[in-house]
Amino acid sequence: MYNFDFVKPSSIADAVAALAGEDAQPLSGGQTLIPSMKARLNAPGTLVSLTGIPELVGVCREGDMLVIGAATTHAQVARDAAADFPGLAALAGQIGDPAVRNRGTIGGSLANNDPSACYPAAALGTGATIVTDRREIGADDYFQGMFTTALEEGEIITAVRFPIPQASAYAKFVQPASRFALTAAFVARFESGVRVAITGASENGVFRWAEAEAALSSDFSADAIAGLACSPDEMIADLHGTAAYRAHLVGVMTRRAVAAAG
Amino acid sequence: MPKDDGIGASVKRREDTRFLTGNGKYTDDINLRGQTYVHFLRSDVAHGRIKGIDASAAEAMDGVLKVFTAADFASAGGIPCGWQVTDRFGNPMQEPKHPILAEGKVRHVGDPICAVVAETYAQARDAAEAIEVDIEELEPVVDMVRALEPDAPKVHDDLTSNLCYDWGFVEDNKAAVNEAFEKAAHVVSLELTNNRLVANPMEPRVAVGDYDPWGDSHTLYTTSQNPHVIRLLMGAFVLNIPEHKLRVVAPDVGGGFGSKIYHYAEEAFCTYAAKVLKRPVKWTSSRSEAFISDAHGRDHKTKIELALDADHNFIALRTETYANMGAYLSTFAPSIPTWLHGTLMAGNYKTPLIYVNVKAVFTNTVPVDAYRGAGRPEATFQIERLVDKAARELGVDPIELRRKNFIKPEEFPYQTPVAVVYDTGNYHATLDKMLELADCAGFEARRAESAARGKLRGFGIAHYIEACGIAPSNLVGQLGARAGLYESASVRVNATGSISVYTGSHSHGQGHETTFAQVVADMIGVDANSIEIHHGDTSNTPMGMGTYGSRSLAVGGSAIVKATNKVIDKAKKIAAHLLEAAPEDIELKDGKFSVAGTDKSVDWSGVTLAAYVPHNYPLEDLEPGLEETAFYDPSNFTYPSGAYGCEIELDPETGKIDILRFIAADDFGNIVNPMIVEGQVHGGLAQGIGQALLENCVYDDQGQLLSGSYMDYAMPRADDVRGFTVDHSCITPCTHNPLGVKGCGEAGAIGSPPAVVNAAIDALHRAGHTHVKHIDMPLTPSRVWAAMNG
Ligand SMILES: Cc1cc2nc3c(=O)[nH]c(=O)nc-3n(C[C@H](O)[C@H](O)[C@H](O)COP(=O)(O)OP(=O)(O)OC[C@H]3O[C@@H](n4cnc5c(N)ncnc54)[C@H](O)[C@@H]3O)c2cc1C
């Protein structure tokens with residue numbers, strides 16, 4: 001790890017001001033950033049901690065929305081979202097191990113946009129709104145490929161607004177080493193239709209499976225998509241699975257998510 | 001009544017109190033006054049020529065004491081190889097130099113080029129980034145078959161090729177074996193890979209070198225399974241330091257699994273640099289560094305064939321194996337695919353003719369050496385997969401085919417066609433025991449229950465035999481070992497009767513401090529708590545060969561028995577004097593010496609006190625004191641064996657395999673501490689199941705390690721390894737060591753991989769996927785799914 005300065009502001013405004021400095025970078029749970037700094041792959045000049053800002057932490061119901069502060073840990077989401085949005089709570093409860101869940105945060109996960117991360121599937125799968133210090137970004141515009149998002153330099157996520165679906169579930173097939181998603185599906189049924197988001201599978205990061213959404217919107221059952229196949233083109237191929245295997249898992253995990261959502 | 005802390009008792013491990021409370025003293029806990037830190041700048045390319053090194057900027061940086069390169073080691077030797085294999089034409093293997101720091105070329109990702117020593121670790125690491133190394137990249141060779149092609153890049157320019165040796169065993173059997181295949185009623189063959197593994201002990205390697213200029217003496221603290229071996233190899237062959245000026249200490253060591261047997265460059269570096277700098281030098285490996293600098297394990301590619309007669313008797317077996325040595329020869333690397341593998345190819349069976357061919361190959365990868373089981377898992381995997389395949393092809397029950405060809409209990413001692421003589425065993429007994437515990441009768445119901453949930457259930461078995469308790473020194477010497485393989489012990493009885501035992505074995509998780517004390521307590525009849533076991537320091541233990549190959553109790557324990565018997569003999573003489581009787585009439589029982597047939601007695605501490613306060617003592621016949629040393633060199637290997645059964649459930653949609661039940665029925669001979677034995681088997685099973693389902697060390701064709709961290713290298717976790725039933729009630733005691741023990745450390749890792757794979761194939765065949773003949777380990781979901789749909 002290289003040397004760096006550390007600040008821990010207590011307001012969003014102070015954090016944004018601190019991030020305007022040279023080589024400044026936000027630090028949330030540190031579960032991704034700190035390991036990459038230890039491996040000397042990342043060398044921020046100043047770390048601006050977001051975990052001391054009270055309005056960034058918490059799970060709050062606002063009408064038919066569940067609003068989660070960016071610095072809320074996975075463990076807190078697993079606990080506090082359980083009543084209002086069990087599909088999301090269950091997803092949070094499957095991230096990493098207890099230590100990771102007690103440190104890692106939803107904002108950090110969405111800002112990082114790892115192609116195998118879990119939260120992007122829930123955000124895209126519900127059409128959530130990513131709220132930042134300066135604007136609101138719809139999930140369909142937010143995710144722009146592996147490790148790439150619509151966030152600008154110095155822009156921080158402050159909260160995520162999830163529309164609460166009538167039914168939802170996350171089906172995750174774990175990569176055996178990292179236990180991130182080898183391929184996972186988040187399925188959400190709304191009055192207006194069904195959304196399906198797939199993570200872990202594509203070289204382009206999280207994506208919506210349009211054919212499945214169409215089929216499920218008219219018949220929300222695993223059988224409705226039994227014959228649907230996802231193309232292996234642009235799927236990730238690595239030592240844990242071929243592109244064809246991941247494409248196959250897209251179908252399996254989506255069906256399992258639908259079955260679990262009931 | 002048996003002693004509650006003697007042989008046979010499940011005494012809790014006394015060392016665990018300090019380990020579990022964080023009070024173990026590991027090498028990294030050792031910090032010396034004035035200590036400096038070294039960081040190794042390692043190659044990030046697999047193969048390249050070093051055109052120049054400019055360390056001037058680095059040497060000028062804050063806190064930097066010196067940047068070392070190969071030039072600083074001009075007078076030192078290379079890291080030696082401890083075993084010379086002779087090829088099938090009678091020539092010695094090709095043996096390249098293994099320099100401490102890369103000389104002229106880098107040969108694998110992780111090959112150390114420079115070593116930066118600084119006041120702090122961070123300064124050393126920062127300075128390493130300021131070193132400019134000009135490397136001309138060369139085409140690497142990673143695949144073993146490719147490495148043997150005439151136009152393949154050469155890992156070592158001064159060798160004739162990348163072939164280390166082409167070994168045939170038994171070469172004289174070759175023609176007869178081929179002839180048997182010509183005449184065979186059935187021939188079954190299989191091509192398979194034994195996947196490369198990274199040992200991954202919980203504690204990474206650490207070395208601290210210290211030099212005392214006043215005594216011109218060196219101390220090395222290191223994470224080793226065998227400190228005396230390190231002292232010998234490093235002192236005599238690398239740094240030219242005589243033993244009396246070199247102390248090697250391996251304190252608490254957090255797991256080794258073979259990877260801490262070898263003498264590594266970092267140890268020699270820290271020892272040498274401490275003298276140059278006149279300051280202690282410390283190196284602590286990071287986990288990432290461990291992946292590219294600890295010796296790897298396994299990595300064989302094999303074609304195996306079995307010939308059977310019309311009655312399904314095995315009549316001949318032949319194999320052709322490529323074994324990866326990596327870029328240099330690690331300490332025992334050449335012996336693993338040969339003498340620890342070829343000699344086990346008879347398995348538990350009466351195959352009269354066997355021919356094993358092994359081509360050991362240099363590649364631009366990390367050196368490969370022994371890993372838990374070392375050669376024997378590779379042998380067992382081939383045999384047990386092939387026997388299963390044979391049963392399927394012949395349409396017979398795999399259990400019956402095994403039973404039919406087993407060596408029978410009355411046929412021991414049994415001379416195999418591959419040199420070794422099995423002293424004892426009862427393979428039918430362990431098989432029966434395993435089948436009983438496996439509840440085979442209930443299998444169909446369990447399978448139906450799985451099927452109702454859309455899952456495929458399968459049951460697979462494997463038998464294993466291993467040669468442990470390594471080994472008779474004169475025999476291994478003939479086979480090319482450059483070391484003896486005895487063990488040593490000193491038993492020092494103190495004046496008030498407490499006992500300090502010094503063993504040449506080393507404990508790095510095995511529980512010697514508990515088990516060895518039980519043995520001595522049982523022999524003398526004193527409380528085990530009055531006995532302390534010391535190990536790991538060459539300055540106070542007699543020259544010993546350390547711990548690997550499941551040898552500690554069989555060889556090290558036997559040395560302790562020998563030394564304790566010497567102590568008892570002398571103590572009886574003292575007792576005889578005190579009791580005014582003849583030594584032959586003295587009996588020792590429950591810590592008390594008595595004259596046979598009388599009520600005259602003296603207790604243990606009465607005798608020990610007399611030995612050290614010899615007022616009433618036969619000084620003219622007997623020296624004072626009570627301390628004896630013994631060396632034990634076994635007359636044969638020991639041959640643990642067992643039957644393993646594995647029941648799995650396979651998800652046909654994803655290809656994922658879950659182990660539901662795993663039954664291990666082992667014959668380890670006599671058991672000193674059943675709880676520790678059970679723990680050893682559990683650990684071995686976890687590693688074997690890890691190899692079968694999860695672990696894989698993978699390089700790309702440029703020699704970059706793709707599985708270089710836990711993000712991609714899948715270690716087994718608690719939920720991957722459940723449902724173990726472990727039994728060791730089938731006992732055929734070893735016939736040639738005093739405890740009748742065989743060793744239990746590696747069994748789990750040896751017997752489990754084929755049982756798991758056989759279970760998976762069984763599940764697939766029962767579900768109609770009969771086109772799947774074999775799947776290479778690890779059986780990842782992706783591979784299983786591809787095989788099913790292939
Ligand atoms: C062992 C382990 C297992 C894991 N398993 C999983 C898993 O199964 N599934 C999964 O999804 N994830 C997994 N993770 C990742 C984990 O969820 C991380 O916590 C998460 O990806 C990053 O969140 P963080 O709060 O730790 O972010 P940090 O590491 O602090 O930051 C990550 C990145 O986001 C930026 N950032 C942080 N917060 C903000 C913000 N509010 N606005 C803008 N930028 C911000 C940082 O600058 C940095 O670039 C695992 C991690 C580990 C170590």
Side-chain angles (χ1 to χ4, degrees), chain A residues 1-4 31-32 35-41 43 94 96-100 114-117 171-185 200-201 222 225-226 229 232 235-257 259, chain B residues 39 62 120-123 125-126 128-129 195-196 198 200 286-289 291 454 651-658 689-690 692-700 704-720 776 778-790:
Chain A
M1 200 181 276
Y2 300 101
N3 285 340
F4 57 88
Q31 297 302 291
T32 297
S36 77
M37 288 170 65
K38 284 168 83 175
R40 299 195 161 207
L41 299 170
Q94 289 176 57
D97 50 48
V100 169
D114 187 302
S116 305
K172 176 181 180 182
F173 192 78
V174 300
Q175 193 259 53
S178 70
R179 297 203 173 177
F180 274 66
L182 185 72
T183 292
I225 51 169
M235 290 283 155
I236 298 169
D238 60 15
L239 55 115
H240 306 291
T242 59
Y245 180 63
R246 281 188 167 82
H248 165 75
L249 281 184
V250 169
V252 176
M253 291 300 125
T254 305
R255 288 196 297 277
R256 288 186 181 180
Chain B
H39 175 69
D62 265 2
T120 69
Y121 175 68
Q123 287 170 334
R125 228 183 139 177
D126 285 344
E129 289 180 4
N195 41 325
R196 182 188 268 248
V198 181
N200 280 308
S286 70
R287 185 59 67 183
S288 317
E289 216 174 354
F291 271 96
D651 179 346
E653 280 193 316
T654 62
K656 181 159 185 341
I657 292 169
D658 281 319
I689 290 168
L693 297 182
L694 298 160
E695 298 183 45
N696 204 14
C697 177
V698 185
Y699 283 94
D700 71 9
Q704 293 293 333
L705 187 59
L706 296 178
S707 51
S709 80
Y710 293 141
M711 291 300 279
D712 288 298
Y713 190 90
M715 294 290 283
R717 301 182 208 187
D719 58 355
D720 294 313
D776 268 328
L779 272 64
T780 60
S782 180
R783 283 187 181 177
V784 172
W785 178 80
M788 289 172 68
N789 295 285

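Every chain is numbered from 1, with letters handed out A, B, ... down the list of sequences.
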Nearest-0.5 Å distance that lies between atom [atom1] in [X] and atom [atom2] in [Y]:
X: A:R40; Y: B:E129; atom1: CZ; atom2: CD; result: 4.5 Å
X: A:L182; Y: B:K656; atom1: CG; atom2: NZ; result: 11.5 Å
X: B:D719; Y: A:R179; atom1: CG; atom2: CZ; result: 4.0 Å
X: B:C697; Y: A:L239; atom1: SG; atom2: CG; result: 10.0 Å

Holding to salt bridge (charged side-chain N to carboxylate O under 4.0 Å, His left out), I want the full list of residues that pass it with A:D114, two or more places apart in sequence or in another chain.
none
Tell me whether the count of non-hydrogen atoms from other residues, nucleotides or ligands lying under 6.0 Å of CG in A:D97 goes above 12.
yes
Could you walk me through whether B:T654 and A:R256 satisfy the side chain to side chain contact (heavy atoms under 4.5 Å, CB included) test, starting with their C-alpha distance in whole Å, then the side-chain angles of each, then the deciding distance to 0.1 Å, before giving a yes or no?
CA-CA 11 Å; B:T654 62; A:R256 288 186 181 180; 3.7 Å; yes
Would a distance-only check, ignoring hydrogens and angles, find a side-chain to backbone donor-acceptor pair under 3.5 Å from A:Q175 to B:A714?
no
Just by modelled atom types, is the B:P781 backbone N or O under 3.5 Å from a matching donor or acceptor in the A:H240 side chain?
no
Minimal non-hydrogen separation, [X] against [Y], with atom names:
X: B:L694; Y: A:P176; value: CD2-CB, 3.8 Å
X: A:K38; Y: B:R125; value: O-NH1, 3.7 Å
X: B:M711; Y: A:A177; value: O-CB, 3.4 Å

Let me know if A:R246 has heavy atoms under 4.5 Å from chain B in its side chain, its backbone, both or neither.
neither
Contacts with chain A made by residues 783-790 of chain B (heavy-atom distance under 4.5 Å), listed by residue number
B:W785
Please classify the contact between B:D700 and chain A as side chain, backbone, both or neither, with a heavy-atom cut-off of under 4.5 Å.
neither
Contacting region of B:P778 [heavy-atom separation from chain A under 4.5 Å]
neither
